[in-house]
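The next block holds one structure in the form of structure tokens; read it before the comments.
Here the structure is a predicted model, which is why all the values come from computation and not from measurement.
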Amino acid sequence: MTETMPETIRYTADVVCIRGGDVLVIERGWPPHQGRLALPGGHVDAGETSREAAARELLEETCVHVPADSLVLVGVYDAPERDPRGRYVTAAYAATVPDDTTATAGDDAAAVRWVPLDAPGSLAFDHGEIVRAAWRRHLAANHPTC
């Protein structure tokens, strides 16, 4: 039997913030993926839930306030190679905000922008996969088949 060393796993939360047909992304201010577009998000701090961390990170990085209890879980993303810094597990949430919501870059974001939800472009990490899952959920919620 081969013994394995315990793996350090970091816990994060990301937000797919939807305004009409757009999703809010940030331009990353530093590595990894500096300069690339990504979802707002970051580490879950001691004493907070991933939902609370998602709401906090959205506010810190984009100045958009969403109550934590209004965030809807999109999924948990835990592929071993999803982040070049090591093993990161993220809880991804979605929020829908009013059409007149504005965003401003803060904290870790070099810039913010609204991009089409159905075609956000190439995003850092596995954020494109997360946006696609949120978009499917958004479509299902707003256009039920029955």
Side-chain angles (χ1 to χ4, degrees), residues 6-145:
E7 182 177 28
T8 299
I9 298 175
R10 293 162 186 88
Y11 189 28
T12 60
D14 294 312
V15 182
V16 180
C17 184
I18 300 168
R19 180 185 76 178
D22 294 329
V23 61
L24 181 60
V25 294
I26 66 161
E27 179 184 322
R28 288 186 53 82
W30 55 63
H33 304 296
Q34 183 174 5
R36 297 229 8 236
L37 298 180
L39 294 171
H43 291 91
V44 176
D45 289 341
E48 73 181 347
T49 67
S50 60
R51 186 173 266 113
E52 292 165 342
R56 175 183 52 76
E57 288 287 346
L58 179 65
L59 181 61
E60 288 176 0
E61 292 185 354
T62 70
C63 300
V64 173
H65 177 265
V66 174
D69 62 359
S70 70
L71 294 170
V72 176
L73 183 66
V74 173
V76 174
Y77 294 80
D78 63 355
E81 303 297 325
R82 66 178 297 273
D83 192 305
R85 296 170 290 187
R87 186 69 182 266
Y88 279 76
V89 174
T90 197
Y93 294 91
T96 302
V97 296
D99 289 346
D100 63 349
T101 300
T102 59
T104 305
D107 200 20
D108 300 339
V112 296
R113 66 181 75 146
W114 297 93
V115 298
L117 180 59
D118 62 349
S122 176
L123 302 179
F125 307 105
D126 55 358
H127 291 184
E129 178 184 344
I130 295 170
V131 169
R132 284 188 296 279
W135 181 49
R136 286 190 300 272
R137 183 180 298 265
H138 181 72
L139 285 176
N142 292 298
H143 304 289
T145 56

Mind checking what makes side chain to side chain contact (heavy atoms under 4.5 Å, CB included) contact with [X], not counting sequence neighbours?
X: Ala55; result: Ala68, Leu71
X: Ala105; result: Ala109, Val112
X: Glu81; result: none
X: Ser70; result: Val66, Pro67

Return the minimal non-hydrogen interatomic distance between [X] and [Y], and the atom names on each side.
X: Glu61; Y: Gly41; answer: OE2-O, 2.9 Å
X: Ala92; Y: Ile130; answer: CB-CG2, 3.6 Å
X: Pro116; Y: Asp22; answer: CA-OD1, 3.6 Å
X: Ser122; Y: Arg36; answer: OG-NH2, 3.1 Å
X: Ser50; Y: Ala13; answer: O-CB, 3.3 Å

Do [X] and [Y] have side-chain heavy atoms sitting under 4.5 Å apart?
X: Glu60; Y: Pro40; value: no
X: Arg19; Y: Leu24; value: no
X: Leu37; Y: Arg113; value: yes
X: Arg137; Y: Val16; value: no
X: Val74; Y: Asp14; value: no
X: Trp114; Y: Thr101; value: yes
X: Leu58; Y: Cys17; value: yes
X: Val44; Y: Arg10; value: no

Q) What's the verdict on ring pair (Phe, Tyr, Trp, His ring centres under 6.0 Å) for His43 and Tyr88, showing C-alpha distance, side-chain angles and the deciding distance? A) CA-CA 9 Å; His43 291 91; Tyr88 279 76; 5.6 Å; yes

How many angstroms lie between [atom1] in [X] and [atom2] in [Y], if you round to the nearest 0.5 Å?
X: Arg28; Y: His127; atom1: CZ; atom2: NE2; answer: 7.5 Å
X: Glu129; Y: Tyr77; atom1: CD; atom2: OH; answer: 5.5 Å
X: Leu117; Y: Ile18; atom1: CG; atom2: CD1; answer: 5.0 Å
X: Asp83; Y: Thr90; atom1: CG; atom2: OG1; answer: 9.5 Å
X: Glu52; Y: Asp69; atom1: CD; atom2: CG; answer: 10.0 Å

Q: Could you pull out all residues at least two apart from Thr8 that satisfy side-chain hydrogen bond (donor to acceptor under 3.5 Å, both in side chains)?
A: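 Applying side-chain hydrogen bond (donor to acceptor under 3.5 Å, both in side chains) to Thr8 gives none.
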
Q: For Asp45, check side-chain hydrogen bond (donor to acceptor under 3.5 Å, both in side chains) against everything at least two apart and list the hits.
A: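 For Asp45 the side-chain hydrogen bond (donor to acceptor under 3.5 Å, both in side chains) partners, ignoring immediate neighbours, are Arg56.
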
Q: Report the C-alpha separation of Asp78 and Ile9 in whole Å, then their side-chain angles, then the decisive distance to 0.1 Å, and conclude whether the side-chain contact (heavy atoms from CB on, under 4.5 Å) test is met.
A: CA-CA 10 Å; Asp78 63 355; Ile9 298 175; over 6 Å; no

**Q.** Verdict with supporting geometry, His138 and Thr96, side-chain contact (heavy atoms from CB on, under 4.5 Å)
**A.** CA-CA 9 Å; His138 181 72; Thr96 302; 4.2 Å; yes

